[in-house]
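Just the heavy atoms: all of them, side chains too, but no hydrogens, waters or symmetry mates, feed the values below. We're numbering straight along the sequence, starting at 1.
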Amino acid sequence: MLVALTKENRYIFADQELKTDKKDYFCPGCGKGVFYKKGTTIQSHFAHYTQKDCQTFSEGETREHIAGKRLLFNWFKQQGIPCQLEAYLPDLKQRPDLLIWLSEKRPVAIEFQCSPISLKRMKERTKGYQQIGYEVYWVLGASFRSHQRLTNQQRSFLRYHKHLGLQLYYLNVIKKELDCFFQIKESEPFKKISSGLLLFSLVKKGHTLSELKSQLAKKNLAWISTKAEAIPNYLQRYQHYLNQGRFYRTKEVEEIQKYLYQQGKNLLNLPKEVYFPCYKNSFIQTSSIYWHYLIIEWIVCLDNGGCFIEMDYLGYLKQLVHEKKITLYSIPQLRDKVLTNSFLDYLSMLAQLGLIEKSGEKEWKLVKHPYFYQNEAEKNRDFIEIDQELEEKEF
């Protein structure tokens, strides 16, 4: 830990000029004695005499974790932002790495996570902060970096902002910079990741929190105005992926097949509308082609000729989640509204494809029935033509 209490109940930092290590210092969490460890290869810090002494402050912190906390603390303090290092919250029995106040009413907890943490523990800590009205930001260390696909650990730390989309934040202690990934998009079925990226120095003059927000806003506008790179032959590759999954009997494809067989259909019959990407579904574990099909099937089979209101649509999706036909990832920082918007986005996609249209503010109606393919040659010809169109515009 970087902070301890003196006999006079005064906070003292480990990197202050401590002339001796024989003074009495105490843990802010459990109140038991700690000793001062002068840094040589690692930054100076305080430690318990035995690791069993305290359940609040963990020992064995990495060099990266200690240096990162201090880096963030100095950055906030230099801007005049009220900041407390390793603040102990007795009601929660938690201590965020940093606690800052951007306003008098709502503190912000910042956790710099360098080592693996169980999803259960991460959820508990996040929920604890939220229950007492604290906003929480998880900033990740070097071990969490992965550029090809979202790992389950990375996914659990996703945040969402209405302008920046899905986000992840990393602290590069060596370069003293914050790496901000935003507008994270995950394509199916290939799980290819694309995103915007801002590398923000924490030691450069003028690089304040306000400047970080300003640069993210500018980057976001630039990202939106730049056409995302289309995946060549997207629909053809997706169909090949399904055929391979059928041949190798993958769990994902077998689940879709089983349901289709019950309806007297198969993978070949699937209409083109189920293939189109919906990029805000990184928190939906079920294959998009499956839940897309369930939605289209529900609309087509409605008794009133395919007319429905959004409330009924969202109620049907809630039922699918309850029946475990749609499985969701557990992402503690995402609100239910984000998931709702993702499902509503697919309605907009179907409208863009001409399958449905709005008949009121929150009302929709079916305008044409999806076409179920009869043979593979017919489907391949259609997909070649559609793929050429997809390369010219983004869906």
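Side-chain N or O atoms of Glu86 include none that pairs as donor or acceptor with a backbone N or O of Tyr88 at under 3.5 Å. Within the 3.5 Å criterion, the main-chain N or O of Thr327 finds a donor-acceptor partner in the side chain of Thr286. Under a 3.5 Å cut-off, the side chain of His292 and the backbone N or O of Glu273 do not form any donor-acceptor pair. A donor-acceptor pair is defined here as one N or O able to donate and one able to accept, closer than 3.5 Å; such a pair exists between the side chain of Asn304 and the backbone of Cys307. For the pair Gln319 (side chain) and Gly315 (backbone), a donor-acceptor distance under 3.5 Å is absent. In this structure, Gln257 contributes its side chain and Asn266 its backbone to no donor-acceptor pair below 3.5 Å. No donor-acceptor pair under 3.5 Å is formed between the side chain of Ser143 and the backbone N or O of Ser115. Although no hydrogens or angles enter the test, the distance criterion places a donor-acceptor pair under 3.5 Å between the side chain of Lys358 and the main chain of Glu361. Here the side chain of Glu252 pairs no donor or acceptor atom with the backbone of Leu242 at under 3.5 angstrom. Judged purely by atom type and a 3.5 angstrom limit, Asp179 has no side-chain atom pairing as donor or acceptor with the backbone of Leu199.
If you check the side chains of Glu378 and Tyr371, you find a donor sitting under 3.5 Å from an acceptor. Residues Tyr170 and Gln154 bring a donor and an acceptor atom of their side chains to less than 3.5 Å of each other. Side-chain contact, Gln333 with Arg159: a donor N or O sits under 3.5 Å from an acceptor N or O. Judged purely by distance below 3.5 Å, without hydrogens or angles, the side chains of Arg125 and Tyr129 pair a donor atom with an acceptor atom. Under the 3.5 Å distance criterion, with hydrogens and angles disregarded, no donor-acceptor pair is assigned to the side chains of Tyr293 and Gln263. A donor-acceptor contact under 3.5 angstrom links the side chains of Thr126 and Trp138, judged on distance only. A donor and an acceptor atom, one from each side chain of Gln239 and Tyr275, are located under 3.5 Å apart.
Figure legend: cation-pi geometry between Lys265 and Phe372, with NZ or CZ positioned under 6.0 Å from the six-membered ring centre and within 45° of its axis.
Linking ILVMFWY residues whenever their side-chain heavy atoms come closer than 4.5 Å, directly or via other members, places Leu390 and Phe190 in the same cluster. Note: the hydrophobic cluster containing Leu328 also contains Ile184 (ILVMFWY, side chain heavy atoms under 4.5 Å, direct or indirect links). Note: the hydrophobic cluster containing Val367 does not contain Phe276 (ILVMFWY, side chain heavy atoms under 4.5 Å, direct or indirect links). Both Phe283 and Leu344 are part of a single hydrophobic cluster, where members link through side-chain heavy atoms under 4.5 Å apart. A chain of hydrophobic side-chain contacts below 4.5 Å, direct or via other Ile, Leu, Val, Met, Phe, Trp or Tyr residues, connects Leu353 to Phe383.
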List the steps and the verdict of salt bridge (Lys or Arg N to Asp or Glu O under 4.0 Å) for Arg121 and Glu124.
CA-CA 5 Å; Arg121 183 61 181 144; Glu124 287 173 349; 3.4 Å; yes

Output, in order, the C-alpha distance, side-chain angles, deciding distance and verdict of side-chain contact (heavy atoms from CB on, under 4.5 Å) for Leu150 and Ile193.
CA-CA 7 Å; Leu150 279 177; Ile193 298 298; 3.8 Å; yes

Between Leu317 and Ile295, does a side-chain contact (heavy atoms from CB on, under 4.5 Å) hold up when you go through it step by step?
CA-CA 8 Å; Leu317 288 163; Ile295 288 171; 4.0 Å; yes

Apply side-chain contact (heavy atoms from CB on, under 4.5 Å) to the pair Tyr290 and Leu294, showing each step before the final yes or no.
CA-CA 6 Å; Tyr290 188 16; Leu294 292 174; 3.9 Å; yes

Could you walk me through whether Asn74 and Leu202 pass the side-chain contact (heavy atoms from CB on, under 4.5 Å) test, one step at a time?
CA-CA 9 Å; Asn74 289 337; Leu202 299 184; over 6 Å; no

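Of the inter-residue distances, the one linking Phe181 atom CZ with Leu197 atom CG reads 4.5 Å to the nearest 0.5 angstrom. Rounding to the nearest 0.5 Å places CD of Glu111 at 7.5 Å from CZ of Arg95. Here the OH atom belonging to Tyr373 is positioned 3.0 Å from the CG atom belonging to Asp382, to the nearest 0.5 angstrom. Annotation: the span from Leu164 atom CG to Ser195 atom OG amounts to 12.0 Å, rounded to 0.5 Å. Once rounded to the nearest 0.5 Å, the distance linking CD1 of Ile110 with CD of Glu135 reads 9.5 Å. The CZ atom of Phe76 sits 6.0 Å away from the CG atom of Leu209 when rounded to the nearest 0.5 Å.
Side-chain contact between Leu314 and Thr340 is present, with at least one heavy-atom pair separated by less than 4.5 Å. Residues Glu64 and Phe112 are in side-chain contact: their nearest non-hydrogen atoms beyond the backbone lie under 4.5 Å apart. For the pair Pro96/Val136, no side-chain contact is recorded, criterion being any heavy-atom separation below 4.5 Å from C-beta on. Counting heavy atoms from C-beta outward, Asn243 and Glu376 have side chains that approach closer than 4.5 Å. At a threshold of 4.5 Å between non-hydrogen side-chain atoms, the residues Glu188 and Ile289 do not count as touching. Using a 4.5 Å heavy-atom cutoff, the side chains of Leu302 and Asp312 are not in contact. In this structure, the side chains of Asn172 and Glu177 come closer than 4.5 Å at one or more pairs of heavy atoms. Side-chain contact between Asn269 and Leu260 is absent, with no heavy atoms from C-beta onward closer than 4.5 Å.
When all heavy atoms are compared, the tightest approach of Val253 to Gly245 is CG2-CA, 3.7 Å. Nearest heavy atom pair, residue Gln183 against residue Asn220, reads NE2-OD1, 3.0 Å. Taking all atoms of both residues into account, the shortest heavy-atom contact from Asp387 to Gln236 is OD2-NE2, 2.8 Å. When all heavy atoms of Ser282 and Glu186 are compared, the pair lying nearest together is OG-OE1, 3.0 Å. Nearest heavy atom pair, residue Leu212 against residue Cys180, reads CD1-SG, 3.9 Å. Taking all atoms of both residues into account, the shortest heavy-atom contact from Ile296 to Val274 is CD1-CG1, 3.7 Å.
Between Tyr241 and Tyr238, the two ring planes are perpendicular [angle over 60°; tilted spans 30° to 60°].
Taking the six-membered ring wherever Trp is involved, the centroid distance between the rings of Trp364 and Tyr313 does not fall below 6.0 Å. Checked against the 6.0 Å centroid threshold, Phe157 and Phe144 count as a close aromatic pair.
Here the options are Phe343, Phe308, Trp291, Tyr346, the test is ring pair (Phe, Tyr, Trp, His ring centres under 6.0 Å), and the partner is Trp298; only Phe308 passes.
Using a 4.0 Å cut-off between charged side-chain N and carboxylate O, Lys93 and Asp91 make no salt bridge. Using a cut-off of 4.0 Å between Lys/Arg side-chain N and Asp/Glu carboxylate O, Lys258 and Glu255 are scored as not salt-bridged.
Residue Lys175 places its NZ atom among 12 or fewer non-hydrogen atoms of other residues, nucleotides or ligands, all under 6.0 Å distant. Atom CZ of Arg145 has more than 12 heavy atoms from other residues, nucleotides or ligands within 6.0 Å. By the 6.0 Å contact criterion, CG on Asp336 is open, its count of non-hydrogen atoms from other residues, nucleotides or ligands being 12 or less.
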